[in-house]
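Notes follow once the structure below has been shown.
Just so it is clear, the values below take in all heavy atoms, side chains as well, and ignore hydrogens, waters and symmetry mates. Naming: A, B, ... by sequence-line order, numbering from 1 per chain. As the structure is a computational prediction, the values presented were derived from the model and not from experiment.
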Amino acid sequence: MAAETVDTAGLHDWITRFGAAVAEKREWLTELDSAIGDADHGANMARGMSAVSEKLASSAPAAADDLLKTAGMTLVSSVGGASGPLYGTFFLRMGMAAGAVQELDAPALAAALRAGLEGIVARGKAEPGDKTLLDAMSPAVDAFDAALAGGGDLAEAAKNAAVAAATGRDATLPLVARKGRASYLGERSAGHLDPGAASTALLFESLDATIAAG
Amino acid sequence: MAAETVDTAGLHDWITRFGAAVAEKREWLTELDSAIGDADHGANMARGMSAVSEKLASSAPAAADDLLKTAGMTLVSSVGGASGPLYGTFFLRMGMAAGAVQELDAPALAAALRAGLEGIVARGKAEPGDKTLLDAMSPAVDAFDAALAGGGDLAEAAKNAAVAAATGRDATLPLVARKGRASYLGERSAGHLDPGAASTALLFESLDATIAAG
Amino acid sequence: MKKLINAPEDVLVESLKGVAAAHPELAVDLETHVITRAEPKAQGKVAVVSGGGSGHEPLHGGYVGRGMLDAAVAGEVFTSPTPDRVQAATKAVDRGAGVLHIVKNYTGDVLNFEMAAELAAMEGIEVGTVVVDDDVAVQDSLYTAGRRGVGLTVLLEKLVGAAAEEGQDLAAVVALAQRVNGQGRSMGMALTSCTVPAAGKPTFELPDDQMEIGIGIHGEPGRHREPLAPASEIARQLVEPILADLDAAGPAIVMLNGMGATPLIELYLMYGEVAALLERAGVQIARNLVGDYITSLDMAGCSLTVLKADDELLRLWDAPVVTPGLRWGA
Amino acid sequence: MKKLINAPEDVLVESLKGVAAAHPELAVDLETHVITRAEPKAQGKVAVVSGGGSGHEPLHGGYVGRGMLDAAVAGEVFTSPTPDRVQAATKAVDRGAGVLHIVKNYTGDVLNFEMAAELAAMEGIEVGTVVVDDDVAVQDSLYTAGRRGVGLTVLLEKLVGAAAEEGQDLAAVVALAQRVNGQGRSMGMALTSCTVPAAGKPTFELPDDQMEIGIGIHGEPGRHREPLAPASEIARQLVEPILADLDAAGPAIVMLNGMGATPLIELYLMYGEVAALLERAGVQIARNLVGDYITSLDMAGCSLTVLKADDELLRLWDAPVVTPGLRWGA
Ligand SMILES: Nc1ncnc2c1ncn2[C@@H]1O[C@H](COP(=O)(O)OP(=O)(O)O)[C@@H](O)[C@H]1O
Ligand SMILES: Nc1ncnc2c1ncn2[C@@H]1O[C@H](COP(=O)(O)OP(=O)(O)O)[C@@H](O)[C@H]1O
Ligand SMILES: [Mg+2]
Ligand SMILES: [Mg+2]
Ligand SMILES: [Mg+2]
Ligand SMILES: [Mg+2]
């Protein structure tokens, strides 16, 4: 049976897995962004996550909030573009919600994820259906909460969130973008996956893998 | 049996045939110039000869020298590039040599062609073997003279000149250019026909056709 | 990918090194990618800062200098710079009279400059912001990211730079910037895609007999694709949507801009077409620019910008400017 | 062929129309293709005339104006103008003090300008000629057409234009032109061919992984072809042949020129590489130009020009120049 909490090392593991996934899928993310954006989402996320890895390698904080805030600040100051402030805000807000603890239980992690999501909404002012990373993240966080509310454990919540994120990513395919660069394409943005939703699916896939391994 | 003289109308016919040949072979001349030059010999010659046709259509001089000088001046003032002054000088000098007559017999035509050739040498300072239009023109004029010296008639002289020009054109293939744009290529100019030699072969082919038809 | 570069990841810094070598009148920070004037303005003058992704050269670094920008922040290719770097630029040029941020309307640019302005506020620096959104190729709407910021940015940086140089205060400079943004529009088209160095291949494929109408400056595909047309028809497709959105009769400043791989002989030809159409529509072209001013890497194509002008704007336009990209009057 | 043009045969005249529309300070004759200053120089000043095939914009028309050329004659694309048009330009700008013809060393240009000088002599106009031959890619020899005239033409037009503007006589201006030609060298390379509008397809085919070293400015293939290399290696291949031919230690004016389709971000990167190599070899770059100054239609690539300078040349360089292509000091 998987652990019922995730500690700072676990969060670190999550971030490392996400970085590895982004590095592996870098070209695919850029290809998605070529179709309806400016061909840099893979480069952006890879640059940011490798900066985060380096930063955490040089001094990994012991407290959950320090770890998450460091990741967020590093993303903000190394990515640029739309995804930098958005993913950066996500981790910053998660850190603020988590507080100076060494481990998070399932409800605490759920609250942190929700805070991260709300940070993205506050920054980016997108709504579900706008064909952005929200379309993967919002159902993922909802699914996480729902699993816990239904009596599921951390592992089930993480698994359901990963599935919901992937489903949300795929659901961006037919959408006409209303936010971000893809919105300039109007109707032509339909028929393509949103690159940010694709990287967000990797984020929750990585979380699931971390919890399952933990 | 072909006529033993060529009158002004015949010279006009020659120029018209040359213009038509240049127009027909325009792309080929430009292709040759693409390989070792700047991809404009076809356009240059076509522009020049169509200006000549227009000019002669509006007022065709009655005297041989006026006709040839008009053609030369029109080439000089409509072509530019290397071929404009060179072909222009050729016709100008031919006209000066021909004088104010209505028709040229074989020796007079030979003398005019020789004068044209010498004008090109004086302007361009190229020597045989430099991979220029001289490599077609010089053997052509020599062959014309030789045919007459050997007792041949005008038709035979024109035919031999056309053959010599074509042979001279083909002989430029292996040469390394020492004059004109192709010289910048050094050894790489070998293995290509010289575009100017190709247009000069058309010039003598047209003369042959004119005499044969006349 | 055929480019005069070394490793794709070094393009930005190595290009900035070249800028530093070529322009002793600029100070180029190879760490933060911030370009400032070697001789800063005096205390008490509003500072003008712009920035954005690289790949649009000479924008923005080429517009740093007397009469135009005080600082430019170069992001990675087509990627907005990060807030800390915008903040570094802001601090470097603040002379106690406030700083104007000129931001092109892209989500990334807006978010990063917004965070930078929050950082500046925390340090007590007054920041005004103008978000340029002049691209009529994009339908504007309350519910979308709105129009993109493109060619007008160049004209705005010149005009606002002149106002700041002559000592106008922050409120006046911001008001001017808003006014300029309100009365300028742009429209662009592409013959080819561009190739982002890190991506290594063209962002979109455009067949030999097709063109994209309504492109931005990031190799984004345009609003639609259609068969390649003569310059006169392309000119019509640039002019009409601008005039449909802006009553431009009267004096105007017009820019016909190359996207990076379009030779000047073609730009002048297009300018001839465009100028004739505009004049027929009652636009009096008082000043013009023809050339590469806001590019999209190695994209072939062009964009047209029309800014309604008046005596005040023309006065500011004619004021001396000494930058690598624009220079006159000194 | 993807170009912003109408019919290929109208490119030159329609582009000149655009130049006329964009530059009221120039007088553009659409019949003779001669561009002169709208406000000619005063009587008694030497006039400077240049010209050549089109497709090298801004050369030459973009260099007409105060402190540089008095007239430029635009031939068809890559084709020298005809003698009568050169003569028309010569007559139009002669102010009784003689006229300098600046000719790039190509058979066509040399022959046509030679005939034009004969026409001018017949009308009693004194003409001096300088034939620019700075291209080290071409082996010079008594028995060949000699080196091509390329990038140095731009620097020479600026320097000689300044000397004429300040009232130097024809002999002095000719001597200066010869001196500049003697101490400047250039070397170019291409990533792609260009496409002559009338030809409709690229002049040469260059595979995606190859480059041409030693190209001229007419889409002529270069001295040799080799695998595409990093910018640092390309820089070496431009710098070394120049320094092998010219002892350039000491102050110099350096131009890193784009061939028409090379974006500025790449040109700056190349300039960084080239400047470092030159400085290591003892060249002190006193002034520089980075940009598209003498192009080859839509060719991607660049050329490097190094001109040994001294106080006198730097003084003439810094003198005011007001042209579409070069502008400072006024
Ligand atoms: N307002 C927004 N809210 C949420 N996500 C957004 C918003 N705008 C853009 N995004 C996301 O950002 C992604 C693009 O990121 P990226 O390519 O790195 O940045 P940029 O668009 O600046 O090049 C989009 O695919 C989308 O998911
Ligand atoms: N010095 C010369 N003497 C004789 N013919 C020459 C000379 N230089 C060049 N040519 C001829 O001119 C031809 C090129 O003509 P063209 O392409 O019209 O002019 P350009 O070289 O100016 O583009 C060459 O193929 C060559 O035959
Ligand atoms: Mg992107
Ligand atoms: Mg040619
Ligand atoms: Mg981007
Ligand atoms: Mg030519």
Margin query: Tell me whether A/Glu187 is salt-bridged to C/Arg223, with the criterion being a basic N under 4.0 Å from an acidic carboxylate O.
Written below: no
Quick check for you: to the nearest 0.5 Å, what is the distance between [X] atom [atom1] and [Y] atom [atom2]?
X        : Y        : atom1 : atom2 : value
A/Ser34  : C/Glu205 : OG    : CD    : 10.0 Å
C/Thr203 : A/Ile36  : OG1   : CD1   : 13.0 Å
A/Arg188 : C/Arg225 : CZ    : CZ    : 5.5 Å
C/Asn105 : A/Tyr184 : CG    : OH    : 5.5 Å
C/Thr107 : A/Arg123 : OG1   : CZ    : 12.5 Å

Next item on the list: Could you have a look at A/Val79, A/Thr89, A/Thr30 and say which one has the most heavy-atom pairs with chain C under 4.5 angstrom?
Entry: A/Val79
Looking at every heavy atom in both [X] and [Y], which two are closest together, and how far apart are they?
X        : Y        : answer
A/Val76  : C/Met115 : CG2-CE, 3.9 Å
A/Ala43  : C/Ala198 : CB-CB, 4.4 Å
C/Asn112 : A/Gly80  : ND2-C, 3.6 Å
C/Phe78  : A/Asp38  : O-OD2, 3.0 Å

Item checked: Option that, when pairs with chain A are counted at under 4.5 Å, heavy atom only, ranks first among C/Pro83, C/Gly219, C/Gly75 -> C/Pro83
Note to self: Tell me which of these, C/His224, C/Glu9, C/Arg85, has more heavy-atom pairs under 4.5 Å with chain A than the rest.
What the structure shows: C/His224
Chain A heavy atoms under 4.5 Å from [X]: which part of the residue, side chain, backbone, both or neither?
X        : value
C/Phe204 : neither
C/Glu212 : side chain
C/Val77  : backbone

Note to self: Is A/Ala177 close to chain C through its backbone or its side chain, or both, or neither, when contacts mean heavy atoms under 4.5 Å?
What the structure shows: neither
Next item on the list: Measure distances from A/Glu27 to the heavy atoms of chain C and classify the residue's part below 4.5 Å as side chain, backbone, both or neither.
Entry: neither
